[in-house]
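Accompanying notes for the structure given below.
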Amino acid sequence: MRIKEIFEQLFERHGPQGWWPLVELGDLTYKPGCKKYGGYHPKDYSYPKTKLQQFEICTGAILTQNTSWNQASKALLNLYKQNLLNTKSILKATKETLHKIIRPAGYFRQKTKKLKIFSKFFIGLDGKRPTRDQLLNLWGIGPETADSILLYAYKQPEFVVDAYTKRFLLKKGLISEKAKYNEIKALFDDNLKKDYKLFQEYHALIVENAKRK
DNA sequence: AACCAGGACGTGA
DNA sequence: TCACGTCATGGT
């Protein structure tokens with residue numbers, strides 16, 4: 001089956017996913033289906049609307065590295081509740097403070113360092129969109145995180161390849177065991193229209209499909 | 001009670 | 001380049 005057909009099949013089965021989850025004012029949950037407060041935004045591609053929301057997505061992308069979203073979201077909510085979910089506060093906070101707050105996401109020492117490095121970088125952007133190479137040159141940002149940031153925070157059609165994607169395509173017989181990141185990414189680039197909405201939904205659907213089964 | 005979760009980096013070969 | 005060790009918490 002083709003890449004495009006697989007998308008149709010997944011979409012039919014699971015519907016729009018509306019990634020990336022955002023917390024909004026007054027909200028204290030990242031769970032899906034929460035309309036009034038944050039959570040996911042089904043069929044609403046107008047987010048992120050502010051720099052703060054863009055930064056929130058970037059932060060989430062770092063916190064969820066090799067970690068379930070359930071755990072990462074706890075760390076994100078801790079940051080939010082302590083008014084630390086912004087660049088200046090993260091730079092101002094001590095390492096020890098951040099260690100405690102993001103602990104549920106695991107790798108708290110590495111992730112604290114990553115958040116501080118990224119915060120400084122984000123301020124330097126002054127609202128501009130980073131290039132992929134700029135992101136990859138940052139300590140703590142690899143290909144998947146860079147693509148997640150570009151796709152979900154900046155609406156740039158970069159397909160996000162994660163462990164689920166590899167397993168999924170391997171099972172479909174579309175890639176070999178040791179296909180590399182860029183090889184897998186090219187498969188989507190070559191077979192899909194470069195539409196950020198399509199890329200956003202596709203990646204989210206692969207994850208949702210894997211979780212459901 | 002192992003196993004793994006929406007990875008990335010450091011190292012030695 | 002590449003294979004492997006390290007980082008860390010908390011769900012099933």
Side-chain angles (χ1 to χ4, degrees), chain A residues 7 10 14 16-23 29-32 38-41 47-48 56-79 95-119 121 130 132-154 156-171 175-185 188 196 198-213:
Chain A
F7 172 78
L10 288 173
H14 302 293
Q17 300 301 304
W19 277 26
W20 190 281
L22 284 169
V23 88
T29 179
Y30 277 93
K31 292 201 163 73
Y40 297 75
H41 300 277
Y47 292 89
E56 181 183 336
I57 292 171
C58 298
T59 303
I62 290 170
L63 288 175
T64 197
Q65 287 174 354
N66 201 35
T67 303
S68 67
W69 178 254
N70 183 50
Q71 292 302 111
S73 68
K74 291 177 187 171
L76 224 34
L77 280 175
N78 285 344
L79 287 170
K95 284 185 274 186
E96 290 71 24
T97 298
L98 291 175
H99 286 173
K100 186 176 302 181
I101 287 181
I102 70 171
R103 166 158 298 168
Y107 309 98
F108 57 84
R109 294 184 188 87
Q110 292 186 347
K111 286 176 179 175
T112 289
K113 183 179 174 185
K114 292 176 184 181
L115 290 183
K116 281 182 172 288
I117 289 173
F118 185 81
S119 293
F121 171 74
R132 193 167 188 271
D133 283 336
Q134 273 182 304
L135 291 170
L136 291 177
N137 283 332
L138 292 174
W139 187 90
I141 307 292
E144 182 184 339
T145 308
D147 287 334
S148 292
I149 288 171
L150 289 171
L151 179 60
Y152 291 105
Y154 292 95
Q156 180 171 315
E158 304 282 353
F159 206 92
V160 178
V161 178
D162 61 3
Y164 287 141
T165 312
K166 291 177 190 168
R167 270 178 264 162
F168 182 71
L169 293 182
L170 186 60
K171 196 162 61 177
I175 60 172
S176 68
E177 300 241 352
K178 51 177 193 55
K180 293 191 61 184
Y181 189 95
N182 288 330
E183 180 186 342
I184 300 173
K185 178 169 171 159
F188 292 96
Y196 80 87
L198 173 60
F199 281 29
Q200 285 182 352
E201 290 295 342
Y202 207 150
H203 170 68
L205 281 167
I206 289 173
V207 175
E208 178 62 18
N209 186 65
K211 281 181 174 174
R212 289 256 186 157
K213 299 183 58 184

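Side chains are part of it too, since the values below use all heavy atoms of this structure and drop only hydrogens, waters and symmetry mates.
Between the CH2 atom of A/Trp69 and the C1' atom of B/dC4 there is a distance of 18 Å, rounded to whole Å.
Applying the 4.0 Å criterion to OP1 and OP2 of C/dA8, one finds that A/Arg103 has every side-chain N and O outside that range. Taking only side-chain nitrogens and oxygens, A/Arg167 comes nearer than 4.0 Å to OP1 or OP2 of B/dA5. For A/Lys114 and C/dC7, the shortest distance from a side-chain N or O to OP1 or OP2 is not below 4.0 Å.
Taking every side-chain heavy atom of A/Glu144 into account, B/dA8 is the closest of B/dA8, C/dG11, C/dC2. Here B/dG10 is the nucleotide among B/dA8, C/dC2, B/dG10 with the atom lying nearest to any side-chain atom of A/Trp139. For A/Gln71, counting side-chain heavy atoms from C-beta on, the closest listed nucleotide (B/dA8, C/dA8, C/dG11) is C/dG11. Proximity note for A/Tyr107 (side chain, C-beta onward) versus B/dG7, C/dA8, B/dA8: the nearest is C/dA8. Comparing atom distances between the A/Thr145 side chain and each of B/dG7, C/dA8, C/dT9 picks out B/dG7 as nearest.
As judged by a 4.0 angstrom heavy-atom cut-off over every strand, A/Gly106 is placed among the base-contacting residues. Heavy atoms of A/Ile141 sit under 4.0 angstrom from primed sugar atoms or phosphate atoms, though from no base atom.
Looking only at atom types and distance, the side chain of A/Thr67 has a donor-acceptor partner in the side chain of A/Lys111 under 3.5 Å away.
Nucleotides C/dG5 and B/dC3, compared at atom P, are 15 Å apart to the nearest Å. When the P atom is compared between C/dG10 and B/dA8, the two are found 22 Å apart, to the nearest whole Å.
Under the Watson-Crick or G-U wobble criterion, with both distances below 3.5 Å, C/dC7 is paired with B/dG7.
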